[in-house]
Amino acid sequence: MKMIHSRYFDFHEGLHVLKDPATGLTGLIAVHSTARGPAAGGTRCWSYTNTEELVVDAMRLSRGMSYKNAIAGLPFGGGKAVIQRPPGSSFDREALFRAFGDAVASLRGQYITAEDVGTTVADMHTVRSRTRFVAGLHTEGEAAGGDPSPWTALGVFECLKAASLEMLGLSLRGATVAVQGLGNVGSRLCHLLAKEGAKLIVADVDTARAQALAQKFGAKQLDSQEIVSVEADIFAPCALGAVINDVSLPNLKFKLICGGANNQLANEHHGELLRQRGIVYAPDYIVNAGGIINVCAEYLGENAGGVEGRVRAIPSRLVSVLREAETSGRAANLVADDLARRIIAGAD
Ligand code: NAI
């Protein structure tokens, strides 16, 4: 595959190949846009089955970061790093992330990294030993920082509540919510939903994790495939991307899809197919901006105090996009993309 012939290539400013045989580091840093500031976005470490999958993930995720950061009003562009997880568990993780830190440093601040799926706060501290262009680190006192996931989960929860009430007239108390993926974001989201009185259906490929969570919250546990076609008011995808695709779409029975996962739609046109089926789709990169809001506040040396207010402001932006989609008869993901592009171009 030639990167620039891929339909996911969107005139990214830079696609930087990572290759360090000494540590096993293989991957890509994709800088989509620096129009609004340095390209900010996390590092995903995953077992990709082939190079094309890795490249497509980097290109899609980095574009999503540009759009996410623009709509969240952050003075940052969008980028993303993806690393092929070395096989087995015996690789030298610290050496790998030191080499990755050197790669980030070589971009001289064009790209700022943080955690994503498969990377941890400890990994980011290893990166910090080589470069200052990293956030998502432990911080002390009043300073913003640390694991972005609780902020992401809070933003997703607030969006779920607002979209459900405003678009469906449905309160979360007593509503049935199916949560797929019970990691850092999904498990915290379940906690918030249970506190609000929602009925939960949960699934994770890690069935032991799903079982423990189901017991804790009195939730129904399903297989990670089954949950996509279950009868429930709301679906909250919190695992990996492309969960809304040609296979899953005809079987969806939800009224609203609103979750933390990036790139939930396999392709853009799936947003239009959801609209035609009367399913409200909350664009993922608006909903899951809580984490990057915290990461950027940390990078800019701000206090934690301001982060919560900014995260709680996400739902009003979401509802205005959903309303515009409703009145214009357009798919919500396309309305969001247009808004993001206008902001990046400086027109909004
Ligand atoms: P995580 O790695 O902690 O959790 C992901 C969970 O999904 C794991 O428990 C995994 O076993 C499960 N999973 C993987 N494939 C699955 C499948 N097919 N079916 C069911 N479960 C599956 O990741 P985290 O941090 O919770 O992120 C979840 C999603 O949210 C990702 O798409 C990530 O990119 C996105 N996101 C996360 C942010 C954060 O602050 N952590 C910020 C913005 C987006």
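Contact detail for Val287 and Gly259: the closest heavy-atom pair is CG1-O, 3.4 Å. Between Ser187 and Leu213, the shortest heavy-atom contact is CB-CD1, 3.6 Å. Of all non-hydrogen atoms in Val202 and Cys190, the two that sit nearest each other are CG1-SG, 3.9 Å. Residues Gly260 and Asn288 share a closest heavy-atom pair of O-ND2, 2.8 Å. Annotation for Ala162 and Pro315: closest pair CB-CB, 3.7 Å, computed over non-hydrogen atoms. The minimum heavy-atom distance linking Ala332 with Val321 is given by the pair O-CG1, 3.9 Å.
Using a cutoff of 4.0 Å between basic side-chain nitrogens and carboxylate oxygens, Glu13 and Arg63 are not scored as salt-bridged. Checked for salt-bridge contact, Lys253 and Glu231 miss the test: no charged N lies under 4.0 Å from a carboxylate O. The pair Glu226-Lys220 does not count as a salt bridge, with every side-chain nitrogen at least 4.0 angstrom from each carboxylate oxygen. At a threshold of 4.0 Å, the pair Glu166-Arg323 counts as salt-bridged, since one of the basic side-chain nitrogens sits closer than that to a carboxylate oxygen.
Considering only heavy atoms from C-beta on, Val335 stays 4.5 Å or farther from Leu339 through its side chain. With a 4.5 Å cut-off on side-chain heavy atoms, Ile286 and Ile314 count as touching. Residues Gln180 and Cys238 form no side-chain contact, since every pair of their non-hydrogen atoms from C-beta on lies 4.5 Å or further apart. Put simply, the side chain of Leu265 does not reach to within 4.5 Å of the side chain of Pro283, judged on heavy atoms. The shortest distance between side-chain heavy atoms of Phe235 and Val230 does not fall below 4.5 Å. At least one side-chain heavy atom of Ile344 sits under 4.5 Å from a side-chain heavy atom of Ser33. Contact check for Tyr48 versus Asp57: side-chain heavy atoms found under the 4.5 Å cut-off. Using a 4.5 Å heavy-atom cutoff, the side chains of Leu54 and Ile83 are not in contact.
Checking Ile112, Ile292, Val295 one by one against Phe76, the side chain to side chain contact (heavy atoms under 4.5 Å, CB included) holds for a single residue, Ile112. Of the residues listed (Asn333, Asn245, Asp246), the one engaging His270 in a side-chain hydrogen bond (donor to acceptor under 3.5 Å, both in side chains) is Asp246, and it is the only one.
Using modelled atom types, no side-chain atom of Asp233 and backbone atom of Ala175 make a donor-acceptor pair closer than 3.5 Å. Not a single donor-acceptor pair under 3.5 Å links the side chain of Ser62 to the backbone N or O of Gly79. Asn50 places a side-chain N or O within donor-acceptor distance of the main-chain N or O of Glu52, the cut-off being under 3.5 Å. Although no hydrogens or angles enter the test, the distance criterion places no donor-acceptor pair under 3.5 Å between the side chain of Asp204 and the main chain of Arg209. Although no hydrogens or angles enter the test, the distance criterion places no donor-acceptor pair under 3.5 Å between the side chain of Thr131 and the main chain of Val127. A donor-acceptor contact shorter than 3.5 Å is absent between the side chain of Arg128 and the backbone of Ala135. In this structure a side-chain-to-backbone donor-acceptor pair under 3.5 Å is present from His125 to His138. When atom types are taken as modelled, the side chain of Tyr299 and the backbone of Thr113 share no donor-acceptor pair closer than 3.5 angstrom. Between the side chain of Ser164 and the main chain of Lys161, no donor-acceptor pair closer than 3.5 Å is present. The main-chain N or O of Leu96 is never found under 3.5 Å from a side-chain atom of Thr23 such that the two would form a donor-acceptor pair.
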#### Entry: side chain to side chain donor-acceptor pair (under 3.5 Å) between Thr119 and Thr43, intermediate numbers included
CA-CA 7 Å; Thr119 56; Thr43 300; 5.6 Å; no
### Task
For the pair Gln221 and Gln211, evaluate side chain to side chain contact (heavy atoms under 4.5 Å, CB included) and give the outcome as yes or no after the intermediate values.
CA-CA 7 Å; Gln221 181 190 352; Gln211 196 174 9; 3.6 Å; yes
### Message
The test is side chain to side chain contact (heavy atoms under 4.5 Å, CB included); show your working for Leu15 and Phe9 and say whether it passes.
### Response
CA-CA 10 Å; Leu15 294 164; Phe9 178 70; 4.1 Å; yes
### Task
Just do the side chain to side chain contact (heavy atoms under 4.5 Å, CB included) check on Leu193 and Phe157 with the steps written out, would you?
CA-CA 7 Å; Leu193 287 167; Phe157 171 71; 4.0 Å; yes
### Task
Decide side chain to side chain contact (heavy atoms under 4.5 Å, CB included) for Arg36 and Asn69; before the verdict, give the C-alpha distance in whole Å, the side-chain angles of both, and the deciding distance to 0.1 Å.
CA-CA 9 Å; Arg36 287 176 54 81; Asn69 295 342; 5.9 Å; no
### Message
Between Asp284 and Lys68, is the salt bridge (Lys or Arg N to Asp or Glu O under 4.0 Å) condition met? List the steps.
### Response
CA-CA 9 Å; Asp284 45 22; Lys68 184 185 309 199; over 6 Å; no
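Atom CZ of Arg132 has 12 or fewer neighbouring heavy atoms from other residues, nucleotides or ligands inside a 6.0 Å radius.
Within the model, atoms CD of Gln84 and CG of Leu18 stand 12.0 Å from one another, a figure rounded to the nearest 0.5 Å. One distance of note links CZ of Phe133 with CD of Gln110; it measures 10.5 Å at 0.5 Å rounding. Rounding to the nearest 0.5 Å gives a distance of 12.0 Å between OG of Ser66 and CD1 of Ile343. Rounded to the nearest 0.5 Å, atoms CG (Leu240) and OG (Ser224) are 10.5 Å apart. Taking CG of Leu107 as the start and OG1 of Thr34 as the end, the distance is 11.5 Å to the nearest 0.5 Å. Between atom CD of residue Glu142 and atom CG of residue Asn303 there is a gap of 5.5 Å, rounded to the nearest 0.5 Å.
A donor-acceptor contact closer than 3.5 angstrom links the side chains of Glu53 and Thr49. Judged by distance alone, the side chains of Tyr67 and Arg341 do bring a donor and an acceptor atom under 3.5 Å apart. Gln276 and Glu272 share a donor-acceptor pair across their side chains, judged by distance under 3.5 Å alone.
Judged as a salt bridge (charged side-chain N to carboxylate O under 4.0 Å, His left out), the pairs with a partner in residues 97-126 (not counting sequence neighbours) are, in order, Arg44-Asp116, Lys80-Asp116, Arg93-Asp123, Glu94-Arg98, Asp102-Arg130. Counting only residues at least two apart or on different chains, the salt bridge (charged side-chain N to carboxylate O under 4.0 Å, His left out) pairs with a member in residues 178-198 are Asp147-Arg188.
Using cut-offs of 30° and 60° for the angle between ring planes, the Phe100 and Phe97 rings count as perpendicular.
Leu222 and Ile234 are assigned to two separate hydrophobic clusters, defined by single-linkage of ILVMFWY side chains at heavy-atom distances under 4.5 Å. With hydrophobic clusters built from ILVMFWY side chains whose heavy atoms lie under 4.5 angstrom apart, Val56 shares a cluster with Val17. A continuous path of hydrophobic side-chain contacts links Val156 to Leu200 [ILVMFWY only; heavy atoms under 4.5 Å]. With hydrophobic clusters built from ILVMFWY side chains whose heavy atoms lie under 4.5 angstrom apart, Tyr285 does not share a cluster with Val319. Cluster membership for Leu256 and Val179, using ILVMFWY side-chain heavy atoms within less than 4.5 angstrom, is shared.
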